[in-house]
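Here's the structure, in structure tokens; my notes come after.
Residue numbers begin at 1 in each chain, while the letters A, B, ... track the order of the sequences.
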Amino acid sequence: MPELPEVETSLRGIAPHLVGRRIARLEVRDHRLRWPIPADTAERLAGQTIAALRRRGKYLLFDLEQGVLLLHLGMSGSLRVLPATTMPGPHDHVDLCLEDEQCLRFRDPRRFGMLQWTPSPAEAHPLLRDLGPEPLGPAFSGDYLHQRSRGRRAPIKTFIMDSHVVVGVGNIYANESLHLARIHPNRAAGRISRERLDRLAGAIRSVLADAIAQGGTSLRDFVQEDGKPGYFAQSLRVYGRTEQPCPSCGGPIRQCRIGQRSSFYCAVCQH
DNA sequence: CCGGACGCCTGTCGGC
DNA sequence: TGCCGACAGGCGTCCG
């Protein structure tokens, strides 16, 4: 579910409640996530002060006095800040309880998420080590995409959704960015000109920045830390809009499958 | 190395 | 109304 804008929205929402606070305890009601929560995680965290919160791709990083807590929301994860006494729901698997009796509650119905302590620097963790650049950072550009994509026959949509190429671009924002850049999602990545990849890099940055500004996209279960939805859904140009008119030309939005993921595009605008 | 398929889970929705 | 398959915002792994 959550792509970069939703993770960034979660980060901004929870940070004011967490940074500078001390962790009282970690309550794990279900450890069976994508990677099981290691048994010693709670004792690693207890008593530590949260120095800072960061994001790397779709991972949230909690900088502690000793080491870093990594959190990934998977497909269906969301975070809330609540009084620790609030009754947990069926999929509220973990509470990070603070000394002020507020807690960060992690809900994840599909259990594709991840929660793990790792020694510093977190960037050396196997799951973070080989990640591509941040799309909103200085290393990401049309030039970079051009250099990485030469000789690649995979569809451009699959290519930009590969976190080893660039982080944070999931199925919604890949579709949206390609429409904005007027590039067909099925075009071979290695056969797109430098000029058009400049346009794509700009489109990715612009779509992600807009989505962050609107608090992300809520399709079903994503909520911000205060329980409110994100409002980018009303800005979607193609995602989930099969047979509806293209916002640029009025032609029908087409749907197909690329790499086992639903893909949406305008056959008139995108080539 | 690359590209495509699969599996991990639960919930929801549409069709019959 | 009920059941059943398809599908859902991610991503590591495996295989050819």
Side-chain angles (χ1 to χ4, degrees), chain A residues 1-10 29-37 55-60 70-79 89-94 106-116 125-132 135 148-178 185-191 204 207-208 211-212 214-224 229-243 255-264:
Chain A
M1 114 190 196
E3 305 182 35
L4 187 151
E6 291 74 37
V7 178
E8 180 68 24
T9 296
S10 298
R29 282 177 288 271
D30 194 338
H31 69 276
R32 301 171 302 162
L33 303 184
R34 170 82 198 265
W35 282 273
I37 300 173
R55 179 187 58 73
R56 176 75 177 100
K58 298 173 190 168
Y59 290 90
L60 284 174
L70 301 177
L71 174 67
H72 194 291
L73 298 173
M75 280 283 259
S76 58
S78 61
L79 295 169
H91 302 296
D92 291 337
H93 304 313
V94 181
F106 179 34
R107 170 175 300 184
D108 185 10
R110 293 175 72 179
R111 292 191 278 113
F112 288 168
M114 175 274 227
L115 184 76
Q116 257 181 236
H125 189 281
L127 294 173
L128 276 69
R129 202 175 42 208
D130 300 319
L131 292 179
R148 285 294 304 268
S149 61
R150 292 311 89 181
R152 300 287 293 268
R153 285 167 299 157
I156 185 64
K157 176 163 178 274
T158 307
F159 184 72
I160 60 173
M161 287 177 68
D162 180 349
S163 64
H164 300 106
V165 172
V166 57
V167 294
V169 182
N171 201 30
I172 294 179
Y173 299 113
N175 281 298
E176 295 299 300
S177 302
L178 287 165
N186 228 353
R187 175 163 293 270
R191 302 183 61 201
I204 290 172
V207 165
L208 294 178
I212 291 170
Q214 298 198 53
T217 302
S218 293
L219 294 184
R220 50 199 69 195
D221 42 12
F222 177 73
V223 289
Q224 305 184 42
Y231 296 104
F232 194 72
Q234 63 199 28
S235 302
L236 294 176
R237 307 160 65 92
V238 292
Y239 185 88
R241 300 179 52 84
T242 310
E243 298 306 325
Q255 178 172 1
C256 68
R257 277 189 92 79
I258 299 173
Q260 274 86 281
R261 311 301 297 273
S262 276
S263 305
F264 306 87

Can A:Leu236 and A:Phe264 be said to form a side-chain contact (heavy atoms from CB on, under 4.5 Å), step by step?
CA-CA 11 Å; A:Leu236 294 176; A:Phe264 306 87; over 6 Å; no
Please classify the nucleic acid contact of [X] as base, sugar-phosphate, or nothing, using heavy-atom distances under 4.0 Å.
| X | answer |
| --- | --- |
| A:Pro126 | nothing |
| A:Phe159 | nothing |
| A:Arg32 | nothing |
| A:Arg34 | base |

Send over the distance from [X] [atom1] to [N] [atom2], rounded to a whole Å.
| X | N | atom1 | atom2 | result |
| --- | --- | --- | --- | --- |
| A:Leu60 | C:dG10 | CG | C1' | 15 Å |
| A:Leu70 | C:dG10 | CG | C1' | 16 Å |
| A:Arg110 | C:dG12 | CZ | C1' | 15 Å |
| A:Met161 | C:dG9 | CE | P | 8 Å |
| A:Leu127 | C:dT13 | CG | C1' | 12 Å |
| A:Gln255 | C:dA6 | CD | P | 15 Å |
| A:Leu219 | C:dC7 | CG | P | 17 Å |
| A:His164 | C:dC11 | NE2 | C1' | 9 Å |

Using the heavy-atom set of chain A and a strict 4.0 Å cut-off, write down the first and last nucleotide of DNA chain B that makes it in, 5' to 3'.
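So the contact region on DNA chain B extends B:dC2 to B:dG11.
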Ignoring hydrogens, what is the shortest heavy-atom contact between [X] and [Y]? Give both atom names and the distance.
| X | Y | result |
| --- | --- | --- |
| A:Pro135 | A:Leu208 | CG-CD1, 3.5 Å |
| A:Ala189 | A:Arg150 | O-NH2, 3.4 Å |
| A:Arg56 | A:Gly132 | NH2-O, 2.7 Å |
| A:Arg153 | A:Ala188 | O-CB, 3.7 Å |
| A:Pro5 | A:Gly216 | CB-CA, 4.4 Å |

Ignoring backbone atoms, test whether [X] places a side-chain nitrogen or oxygen under 4.0 Å from the OP1 or OP2 oxygen of [N].
| X | N | value |
| --- | --- | --- |
| A:Arg261 | C:dG10 | yes |
| A:Ser262 | C:dA8 | yes |
| A:His72 | C:dC11 | yes |
| A:Tyr173 | C:dG9 | no |

Kindly express the pairing pattern of DNA chain C in dot-bracket notation, using | wherever a base pairs with another strand and counting only Watson-Crick or G-U pairs under 3.5 Å.
.|||||||.|||||||
Crowded around A:Arg29 CZ? As in, over 12 foreign heavy atoms under 6.0 Å?
yes
Among A:Leu73, A:Ile212, A:Thr217, which residue meets the side-chain contact (heavy atoms from CB on, under 4.5 Å) test with A:Glu6?
A:Thr217
Within the 4.5 Å heavy-atom criterion, are A:Val238 and A:Glu176 side-chain neighbours or not?
yes
Rounded to whole angstrom, note down the P distance from C:dG5 over to B:dG7.
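The answer is 16 Å between these two P atoms.
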Can you label the angle between the A:His72 ring and the A:Tyr59 ring as parallel, tilted or perpendicular, going by 30° and 60°?
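Perpendicular.
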